[in-house]
Participant: 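So that we are looking at the same thing, I have put the structure below in structure tokens.
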Amino acid sequence: MLSQIFILSSKGDRLIHKDFRGETCGTSTDLADTFYRRITSLPGDQAPVFMAHEGWHFVHVRHAGLYFVATTTPDASPFTLVEFLNRLVTLLRDFCGPLSEKNVSLNFALIYELLDEMLDYGYIQTTAPEVLRNFMHTEPVATKPFSLLDLGSIGLFGAETQQSRVAPSSAASRPVLPPRGEQGTRNEVFVDVVERLTVVIAANGTPMKVDVQGEIRLKCYLPSCVEMRIGLTEEFCVGKSELRGYGTAVRVDECAFHSSVKLDEFESGRILKVTPSQGELTLMQYQLADDIPSPLPFRLFPTVDQDPTGRLRLYLKLRCDLPPKSQALNVRLQLPVPKGVSSLAQELSSPEQTAELQPSTKSIRWDIPRCQGGSQLSALFKLEVPGLSRASLLELGPANLAFELPAHTCSGLHIRFVRLPGPAGPPQRWVRYLTHSDSYVLRF
Amino acid sequence: MPYLGGEEALRELRRALANPHVQADRLRYRAAVLRVIRMPGIQEYLQQPLLSGLRDKASYVRRAAVLGCAKMLKLQGDCEVDGALVNELYSLLRDRDPIVVVNCLRALEEILKKEGGVVINKPIAHHLLNRMADLDQWGKSEVLTFLLRYRPRSEEELFDILNLLDGYLKSSSPSVVMAATKLFLVLAREYPHVQADVLVRVKGPLLSACTSESRELCFTALCHVRQILGSLPGHFSSHYKKFFCSYSEPHYIKCQKMEVLCELVNDENVQQVLEELKGYCTDVSVELAQGAIFAIGNIARTYTEQCVGLLTELLGLQQEHITSAVVQAFRDLVWLCPQCTDAVCRALPGCEDAIQDSEGKQALIWLLGAHGEKVPNAPYVLEDFVENVKSEMFPAVKMELLTALVRLFLSRPAECQDMLGRLLHYCIEEEMDMAVRDRGLFYYRLLQSGVEVVKRVLCSPKSDPSLGLLEDQTERPVNTWASEFNTLAPVYGRERWALITAHQPEPSYACSPCTDSRNRDTESLISEGNKEVLKVHPDTGSLTLIPDVYLTAEQFEKSWLSLDMSCHLSLPWCGTVHPDTIQTALHVVHIQTIAMSKAGVQPWKAYLSAQDDTGCLFLTELLLEAADPEMQVSVKQSEAKPEALRAFISVLRTVMGAAAGLGS
């Protein structure tokens, strides 16, 4: 049971505030203010997600810099609360487009309407978008009118590819209901395979931990729903022992499906059948640990020594082991250095790269906008560290790498086809792949 | 906000509800009912529209009307509950629409709050189990929570239910999985192998929640993992890599993960775990770095040699917060693992320059005092502290210094005598803090009575390995926390949860007619005591307990032994028992106390009897075990009358609730 829901901006401004039960009005202070005061002055040893206040409990999730907060009684289930708030965020994104402070305040009427339908007297009624849509009267206000022409030249995730084959990167983040004044909805379906990579590589180069968390997301803009068939790689197997097909197996350890997915053809042909409603839906989630078919995308070869003047010399060689046709984008390497560091001199292998010393985290940040598969990059850093001792080398590393790999999946999972029956011309179907690094740690 | 009601809104709402056409226009009707939360003066307009709403053809109207009933009763305050309405709601549990079913449960729960909430009997439980498939994830997790109240009659029934619910352990929604897990753990409380099996099966979903993209979900799952590890230490050991921290994670998640890593360390993974923790020790964040060092200190209790080596290496960094944390970890370690004393003493010289904070200084001084004979320069380090004692900020450090110096004096008198004299002089003559001064005077007088006496007082054992063993045996059976699973208790942690619940027993419902529901209970109790008989809510069948029926102890014992148990329940109870309060409270509602233990006796017991106007006897045993948060209540009845039994139990519940409130 939720007593109130509010959405606060990162500065504590109240964007949405809804009281479902009128129970807390007697408390001496305003709960939204109390929440913001508490969250900003929380002692370091306490986790912020759940906070108690005069017998009430605050639960919040953070998205796009906004706080989505619910107040509740002590007997509530934490999993339900967190899951509900996350669901609320997804729904708001579906109905209003990408979330931001501005977007939430522009769409406040719509959001209140949504909350009215989702909860009654603090009890969750429904979160199904197709049900909610029937009761929505307000139209979403888009922060920027969307135009395909403006964004045509920018490919998906910043990639420059043939315009006609790739959807603009923001295409799938527009609201599912057409914004005011824009008639003629486009019939589009996006199937995204998104993988998150969590890797720890030991100093000698052996992978300590490799974890892939994958998702197949469906974003559907079709006004009327028909059954859709999505074919996965035929060699897709679940578990260690299963064997299928003749090619290299695409193996995952565990896999869970959304409850609306019909699996009667999954065993025979690896086909998911689903009748989607408008909006976003996570069809399938899968995990893969330790044993991935392709080599890890990056290796780092560091050399550390001291030059005659006493400066610390760091020579980093970064090798990208992707296939030559793929590339990595927005690669950023963060390397903690000894805390006493006073200055940094650098030599980078190409002018588009940048590197700087970040005083707040005592680390070097090396930015590489793009990196082709099979290539090798290098950088030389010279650090002035007064009072350098052998022990302070302990503070060097581990390095963390952040990157995006468009059109690449580490598991090797591919979508064979997306089929929709229907008389009136097939709608636009987009299939997109993306791997991004959740945490890619290279130890020294 | 419109529904919190200005005059204007109130008038409009009245008009809407009074208009006969409103119910023809379903959406408007629904909109009106949805808005009713807190509007004085609206009740009389509500009753009729709500009752007709319950029978409406459209499911969305019924959904709103069902919860509307709960709102209406809240508005009326503590008026009597209308039995017909409750029956209507119970019958709506068989509604076609799944959300109406769940809303009925919620509404009944609120309406019958005083009687202990909605009753889940066998037909209702089985009906709900059959409807589970139609519900969405929120409904499922809520119904699973309601089903916790149901006690299957036989083993066969129990396993049937568990089989039915099996699929929900694999649901893609974590809230359903966790609610199902809790139900399994609670229902199978007498079958440890079933519980163990469930915990193995829930591993997968929990781990995937732990690595979820949502930080908040990840945090919640980690807290529950820790709860499980408390009972089954090796449970997640093979998955230790899942608990390695990611670079971008916020602190609170990293801290949770470190705690988990500490608990699942074993011979195979200790090397990898230590390597991982070592990485955090040099983190920019002071809290995280210190947390990692303390975590290594914890692991050192089992894998002493590796950890001490690692910690010693860290001392080389000469950084204030790191050195301080390492020395503190050493102090705690030496106490539990005396075998590492030599290694620790070798590492200590040189630390004193880097430590600035009170905790670190205290730890260092304690180590030098207790194990000074093994550290060659111990007296000189302490001498520096004595020199600077005037500028020392923390009294705790001065106290520690006094004790350490007196101890060191016993083992190395020649080097310490002079500075001990100076320190005592300072403490007695110049110190402003009374505690320090008294401690100084105490040692001065103690020293006057001779070295032998001082030795007897101060040379206590320097380590206690058995303490570590004791601490390791804190594994708690699953049943101690099964009822807390998937609640806020594991999220806050045991200690903080106890603190929170102790100060705030329940939220203050400021809008109910009487702000403190406890006061309300006791007030109504006393006023009703003046009447001759006690009327209980009509929906539960009227029950009239006759005053002045006295059973002797022998009669009671005879009937107690001859009757079968009619009902067993547990009431939440915290704190001590006040027999007088309970006896008075029971007397008010005409329940006679046959016998009762004195306050503070463990286990505490009481025997009660009561008789209603049809001559049916109710015999009751109250049992409170030491440290059990619940009072066990067993009721026996001379004639099988389920209605009367229900009423009697609700009376008993109210009284005991009130007595608990008065007592604490």
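Just so it is clear: chains get the letters A, B, ... in the order the sequence lines come, proteins before strands, and each one is counted from 1. Computation of the quantities below employed the complete heavy-atom set of this structure, encompassing side-chain atoms and omitting hydrogens, waters and symmetry-equivalent molecules.
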Participant: Side chain from CB out, backbone as N, CA, C, O: work out which of these in Asp283(B) comes under 4.5 Å of a heavy atom of chain A, or both, or neither.
Facilitator: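 Contact with chain A is through the backbone of Asp283(B) alone.
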Participant: Side chain of Lys209(A), backbone of Tyr240(B): donor and acceptor closer than 3.5 Å?
Facilitator: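 No; judged by distance alone, with no hydrogens or angles, the pair does not exist.
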Participant: Mind ranking Glu313(B), Glu213(B), Gln318(B) by heavy-atom pairs under 4.5 Å with chain A and telling me who comes out on top?
Facilitator: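 Highest number of heavy-atom pairs under 4.5 Å: Glu213(B).
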Participant: Chain B: which of Thr80(A), Val200(A), Ile124(A) shares the most heavy-atom pairs with it under 4.5 Å?
Facilitator: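 So the answer, after comparing Thr80(A), Val200(A), Ile124(A), is Ile124(A).
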Participant: What are the two closest non-hydrogen atoms of Thr282(B) and Lys339(A), and how far apart are they?
Facilitator: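 So the minimum-distance heavy-atom pair works out to O-NZ, 2.8 Å.
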Participant: Check each atom of Ser360(A) against the heavy atoms of chain B and say whether the ones under 4.5 Å are side chain, backbone, both or neither.
Facilitator: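 For Ser360(A), backbone heavy atoms alone lie under 4.5 Å from chain B.
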Participant: Distance check, rounded to the nearest 0.5 Å: Ser214(B) atom OG versus Leu85(A) atom CG?
Facilitator: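 One finds 9.5 Å between OG of Ser214(B) and CG of Leu85(A).
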Participant: Under 4.5 Å heavy-atom distance to chain A, tell me which part of Ala489(B) shows up: side chain, backbone, both or neither.
Facilitator: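 Contact with chain A: none, neither part.
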Participant: Of the backbone (N, CA, C, O) and the side chain (C-beta and beyond), which part of Ile99(B) lies under 4.5 Å from a heavy atom of chain A, both, or neither?
Facilitator: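 Contact with chain A is through the side chain of Ile99(B) alone.
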Participant: For residues Pro336(A) and Val284(B), determine if any side-chain heavy atom of one lies less than 4.5 Å from a side-chain heavy atom of the other.
Facilitator: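 A side-chain contact under 4.5 Å is absent here.
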Participant: State plainly whether the residues Lys242(B) and Asp211(A) are in salt-bridge range, i.e. N to O under 4.0 Å.
Facilitator: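 A salt bridge is present here (some side-chain N lies under 4.0 Å from a carboxylate O).
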Participant: Given heavy-atom pairs under 4.5 angstrom as the criterion, report whether the side chain, backbone, both or neither of Asn486(B) touches chain A.
Facilitator: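 When you check distances to chain A, atoms from both the backbone and side chain of Asn486(B) fall under 4.5 Å.
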Participant: Return the OG to CD distance between Ser259(A) and Gln137(B), rounded to the nearest 0.5 Å.
Facilitator: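 So the OG of Ser259(A) and the CD of Gln137(B) are separated by 7.5 Å.
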Participant: Atom CG of Asp438(A) and atom OG of Ser248(B): how far apart are they, to the nearest 0.5 Å?
Facilitator: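 Asp438(A) atom CG to Ser248(B) atom OG measures 5.5 Å (nearest 0.5 Å).
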Participant: Measure Tyr492(B) against the heavy atoms of chain A and call it side chain, backbone, both or neither at under 4.5 Å.
Facilitator: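 Contact with chain A involves the side chain of Tyr492(B) alone.
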Participant: Identify which one of Lys71(B), Arg106(B), Arg63(B) satisfies the salt bridge (charged side-chain N to carboxylate O under 4.0 Å, His left out) criterion when paired with Asp120(A).
Facilitator: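 Testing Asp120(A) for a salt bridge (charged side-chain N to carboxylate O under 4.0 Å, His left out) against Lys71(B), Arg106(B), Arg63(B) leaves exactly one candidate, Lys71(B).
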Participant: Ignoring hydrogens and angles, tell me if any N or O in the side chain of Glu216(B) forms a donor-acceptor pair with the backbone of Arg62(A) under 3.5 Å.
Facilitator: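 Yes, Glu216(B) side chain to Arg62(A) backbone: donor-acceptor pair under 3.5 Å.
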Participant: Between Ser141(B) and chain A, which part of the residue has a heavy atom less than 4.5 Å away: side chain, backbone, both or neither?
Facilitator: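 Side chain of Ser141(B) only, per the 4.5 Å heavy-atom cut-off to chain A.
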Participant: Can you classify the ring geometry of His224(B) versus Phe79(A) as parallel (below 30°), tilted (30 to 60°) or perpendicular (above 60°)?
Facilitator: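 Ring orientation, 0 to 90° scale: tilted.
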Participant: Is it the backbone or the side chain of Ala70(B) that comes under 4.5 Å from a heavy atom of chain A, or both, or neither?
Facilitator: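 Contact with chain A: backbone and side chain both.
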Participant: Quick one: what part of Gln213(A) sits under 4.5 Å from any heavy atom of chain B, side chain, backbone, both or neither?
Facilitator: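 Answer is side chain: those atoms of Gln213(A) sit under 4.5 Å from chain B.
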Participant: Considering only heavy atoms, which portion of Phe257(A) lies under 4.5 Å from any heavy atom of chain B: side chain, backbone, both, or neither?
Facilitator: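 Backbone of Phe257(A) only, per the 4.5 Å heavy-atom cut-off to chain B.
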Participant: Side chain, backbone, both or neither: which part of Gln287(A) has a non-hydrogen atom closer than 4.5 Å to chain B?
Facilitator: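 Interface part for Gln287(A): side chain.
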Participant: Would Glu110(B) and Met1(A) count as a side chain to side chain contact (heavy atoms under 4.5 Å, CB included) here? Give the steps.
Facilitator: CA-CA 11 Å; Glu110(B) 291 212 2; Met1(A) 186 190 71; 3.9 Å; yes
Participant: What are the two closest heavy atoms between Leu217(B) and Val82(A), and how far apart are they?
Facilitator: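 For Leu217(B) versus Val82(A), the nearest heavy atoms are N-CG1, 3.5 Å.
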Participant: Okay, side chain of Arg196(A), backbone of Thr211(B): is any donor-acceptor separation there less than 3.5 Å?
Facilitator: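 Between the backbone of Thr211(B) and the side chain of Arg196(A) there is a qualifying donor-acceptor contact (under 3.5 Å).
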Participant: Using a strict cut-off of less than 4.0 Å between a Lys/Arg side-chain nitrogen and an Asp/Glu carboxylate oxygen, indicate whether Arg443(A) and Glu276(B) qualify as a salt bridge.
Facilitator: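 Salt bridge present between Arg443(A) and Glu276(B).
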Participant: So which residue, His57(A), Met51(A), Met208(A), His60(A), ends up with the most heavy-atom pairs under 4.5 Å with chain B?
Facilitator: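 Sorted descending by pairs with chain B, the first entry is His57(A).
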Participant: Kindly write out the residues that satisfy salt bridge (Lys or Arg N to Asp or Glu O under 4.0 Å) with Arg87(A), not counting sequence neighbours, or none if the list is empty.
Facilitator: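 Arg87(A): no salt bridge (Lys or Arg N to Asp or Glu O under 4.0 Å) contacts found.
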Participant: Which of the residues Cys281(B), Ser173(B), Cys223(B), Ser172(B) is involved in the greatest number of heavy-atom pairs with chain A at under 4.5 angstrom?
Facilitator: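 Winner by heavy-atom pair count: Ser173(B).
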Participant: Looking at Ala256(A), Pro78(A), Ser439(A), Ser437(A), which one has more heavy-atom pairs under 4.5 Å with chain B than the rest?
Facilitator: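 Result: the option with the highest number of such pairs is Pro78(A).
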Participant: Would a 4.5 Å heavy-atom cut-off, applied to side chains only, mark Phe50(A) and Thr220(B) as touching?
Facilitator: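 A side-chain contact under 4.5 Å exists here.
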Participant: Counting only non-hydrogen atoms closer than 4.5 Å, does Glu275(B) touch chain A with its backbone (N, CA, C, O), its side chain (CB onward), both, or neither?
Facilitator: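 When you check distances to chain A, atoms from both the backbone and side chain of Glu275(B) fall under 4.5 Å.
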Participant: Let me know if Gln319(B) has heavy atoms under 4.5 Å from chain A in its side chain, its backbone, both or neither.
Facilitator: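 When you check distances to chain A, only side chain atoms of Gln319(B) fall under 4.5 Å.
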Participant: Can you confirm whether Lys254(B) is buried at NZ, in the sense that more than 12 heavy atoms of other residues, nucleotides or ligands lie under 6.0 Å from that atom?
Facilitator: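 Result for NZ/Lys254(B): enclosed.
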Participant: Check Glu254(A) against Gly204(B) and note the closest heavy-atom contact, atom names and distance.
Facilitator: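 For Glu254(A) and Gly204(B), the tightest heavy-atom pair comes out as OE1-CA, 3.9 Å.
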Participant: Using non-hydrogen atoms only, which part of Phe219(B) is less than 4.5 Å away from chain A: side chain, backbone, both, or neither?
Facilitator: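 Only the side chain of Phe219(B) comes within 4.5 Å of chain A.
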Participant: For the CH2 atom of Trp138(B) and the CG atom of Leu119(A), what is their distance to the nearest 0.5 Å?
Facilitator: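 Here the rounded value is 10.0 Å.
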Participant: Ala52(A) versus chain B, heavy atoms under 4.5 Å apart: side chain, backbone, both or neither?
Facilitator: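 For Ala52(A), backbone and side chain are both near chain B.
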Participant: Would you mind checking which part of Ser171(B) comes under 4.5 Å of any heavy atom in chain A, side chain (CB onward), backbone (N, CA, C, O), both or neither?
Facilitator: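 Ser171(B) has no heavy atom closer than 4.5 Å to chain A.
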Participant: Which bit of Glu249(B) comes within less than 4.5 Å of chain A, counting heavy atoms only: side chain, backbone, both or neither?
Facilitator: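 The answer is neither part of Glu249(B).
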Participant: Need one label for Asn86(A): side chain, backbone, both or neither, based on atoms under 4.5 Å from any heavy atom in chain B.
Facilitator: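 The side chain, not the backbone.
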Participant: Contact part of Gln125(A) toward chain B, heavy-atom cut-off under 4.5 Å: side chain, backbone, both or neither?
Facilitator: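 Contact with chain B is through both the backbone and side chain of Gln125(A).
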Participant: For Phe108(A), does the CZ atom sit with more than 12 other heavy atoms under 6.0 Å from it, leaving out its own atoms?
Facilitator: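 No - once you tally the heavy atoms of other residues, nucleotides and ligands closer than 6.0 Å, there are 12 at most.
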